[in-house]
Amino acid sequence: MINIVLFGKPGAGKGTQAEFLKEKYNLTHLSTGDIFRFNIKNDTDLGKLAKTFMDKGDLVPDEVTIQMLQSEVDNNPDSAGFLFDGFPRTIAQAEALDAFLESKNQEITATVALEADDEILVQRLLKRGITSGRADDQDEEKIRNRYQEYNEKTAPLMEYYNQQGKFHSVDGIGSITEVNERLNFVFDNLK
């Protein structure tokens, strides 16, 4: 079983690349953003709670996110592996994910970070916000708040996974095909 964590700042291309990667490597794609949006659209209790944080550009609290993700893993018992997109975002989440996977005799195989300059990403998100209608992609201040959250809470994951020998960095700037080729190279060379 292969379990990959794909992370990067909002707008770095995680969702786009995850679509290609899940098909090529037969992985179950678990996007916390997609799961949150589904719950918000369907006005579930989790969706209402998540929306209060997302509307401010804040991250949803760990305990809510972890419980939701565990449920998704449990709902896919026959999966060949998982592509975690947007999770973990903090050291506490990474530790909780490690413990959860260990309870199932699994582990994270590797983490891959899509790296990109903030200014390029801000413009990507503002452009995406026009077509997506997502409020959190239409306000530059909220976007920059999300990047601040990322820098404070998610960036330390690089060192966490690097210490385990599981961290890989990929340049996220370029065409979709170019970035995909870089990611495939990393995936194809995992041990």
Side-chain angles (χ1 to χ4, degrees), residues 4-61 64-65 68-69 71-72 75-76 82-90 93 111-155 157 169-184 186-187:
I4 305 290
V5 173
L6 183 63
F7 66 100
K9 292 180 181 175
K14 297 180 303 294
T16 299
Q17 293 300 328
E19 289 301 311
F20 296 111
L21 297 169
K22 76 178 185 179
E23 293 299 322
K24 180 170 182 176
Y25 298 97
N26 193 30
L27 300 172
T28 300
H29 178 213
L30 297 180
S31 163
T32 51
D34 289 347
I35 295 166
F36 286 143
R37 284 186 285 280
F38 172 84
N39 282 279
I40 289 168
K41 182 179 178 182
N42 290 288
D43 209 27
T44 66
D45 289 341
L46 176 62
K48 291 175 190 174
L49 180 60
K51 189 173 184 333
T52 64
F53 294 95
M54 293 169 72
D55 283 349
K56 293 185 284 187
D58 293 336
L59 296 177
V60 176
V64 175
T65 307
M68 174 195 63
L69 196 74
S71 175
E72 291 296 318
N75 288 338
N76 291 281
F82 294 94
L83 180 61
F84 297 98
D85 170 1
F87 186 93
R89 289 189 176 182
T90 64
Q93 287 180 358
T111 60
V112 182
L114 284 173
E115 303 288 350
D117 179 75
D118 284 3
E119 297 311 311
I120 293 171
L121 295 180
V122 167
Q123 295 311 309
R124 275 188 191 175
L125 287 182
L126 289 171
K127 188 175 180 180
R128 182 174 83 180
I130 293 168
T131 57
S132 73
R134 287 178 52 181
D136 59 339
D137 285 349
Q138 297 174 7
D139 182 320
E140 187 169 337
E141 186 177 327
K142 287 181 183 178
I143 293 169
R144 293 192 184 279
N145 184 51
R146 288 159 66 194
Y147 291 163
Q148 185 64 32
E149 288 267 331
Y150 180 92
N151 290 334
E152 292 172 8
K153 297 177 181 175
T154 305
L157 285 173
S169 179
V170 171
D171 181 1
I173 301 299
S175 72
I176 292 171
T177 302
E178 289 169 337
V179 175
N180 186 253
E181 288 172 358
R182 293 176 202 138
L183 286 166
N184 287 336
V186 171
F187 276 55

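Just so it is clear, the model here is predicted, and its values are computed rather than measured.
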Inspect the surroundings of CZ in Phe53 and state if more than 12 heavy atoms from other residues, nucleotides or ligands are less than 6.0 Å away.
yes

Spatial distance of atom CD (Glu152) from atom CD (Gln148) [nearest 0.5 Å]:
4.5 Å

Separation between CG (Leu6) and CZ (Phe84), nearest 0.5 Å, reads 12.0 Å

Test item: Leu183 and Phe20 side chains (from C-beta on) under 4.5 Å apart, heavy atoms
no

From His29 NE2 over to Ile35 CD1, what is the distance, rounded to the nearest 0.5 angstrom?
8.5 Å

Quick one: does Thr16's side chain get under 4.5 Å of Ile176's, heavy atoms only?
yes

Should we count CD1 of Ile173 as having more than 12 external heavy atoms under 6.0 Å?
yes

Ionic contact status for Arg144 with Glu119, cut-off 4.0 Å
yes

Using atom types as modelled and distance alone, determine if a side-chain donor or acceptor of Arg128 lies under 3.5 Å from a backbone N or O of Gly11.
no

If you compare all heavy atoms of Lys142 against all heavy atoms of Asp55, which two are closest, and at what distance to 0.1 Å?
NZ-O, 3.0 Å

Atom CG in Asp85, atom NZ in Lys22: separation rounded to 0.5 Å?
10.5 Å

Between CG of Asp58 and CG of Asn145, what distance do you get to the nearest 0.5 Å?
5.5 Å

Check Leu114 against Lys14 and note the closest heavy-atom contact, atom names and distance.
CD1-N, 3.7 Å

Is there side-chain contact between Phe82 and Leu69, with at least one heavy-atom pair below 4.5 Å?
no

If we only count heavy atoms from C-beta on, is the Thr111 to Phe7 side-chain gap below 4.5 Å?
yes

Closest non-hydrogen atom pair, Asn180 against Leu21
ND2-CD2, 4.3 Å

Taking the side chain as every heavy atom from C-beta outward, state whether Pro10 and Ile143 have any atom pair closer than 4.5 Å.
no

Taking side chain as C-beta onward, heavy atoms only, is Ile130 less than 4.5 Å from Asp137?
no

Within-4.5 Å side-chain heavy-atom neighbours: Asn151 and Lys9
yes

For a side-chain contact (heavy atoms from CB on, under 4.5 Å) check, start with the C-alpha distance between Thr154 and Glu149, then their side-chain angles and the critical distance, and finish with the verdict.
CA-CA 7 Å; Thr154 305; Glu149 288 267 331; over 6 Å; no

Check the pair Tyr25, Asn184 against side-chain contact (heavy atoms from CB on, under 4.5 Å), reporting the backbone distance first and the verdict last.
CA-CA 9 Å; Tyr25 298 97; Asn184 287 336; 3.4 Å; yes

From CA spacing to verdict: side-chain contact (heavy atoms from CB on, under 4.5 Å), Arg146, Leu125:
CA-CA 11 Å; Arg146 288 159 66 194; Leu125 287 182; 4.2 Å; yes

At what distance, to the nearest 0.5 angstrom, does OG of Ser31 lie from CD of Glu72?
10.0 Å

Between Lys56 and Thr52 the two heavy atoms that sit nearest each other are CE-O, 3.2 Å

Step by step, work out the side-chain contact (heavy atoms from CB on, under 4.5 Å) result for Thr32 and Arg89.
CA-CA 10 Å; Thr32 51; Arg89 289 189 176 182; 4.3 Å; yes

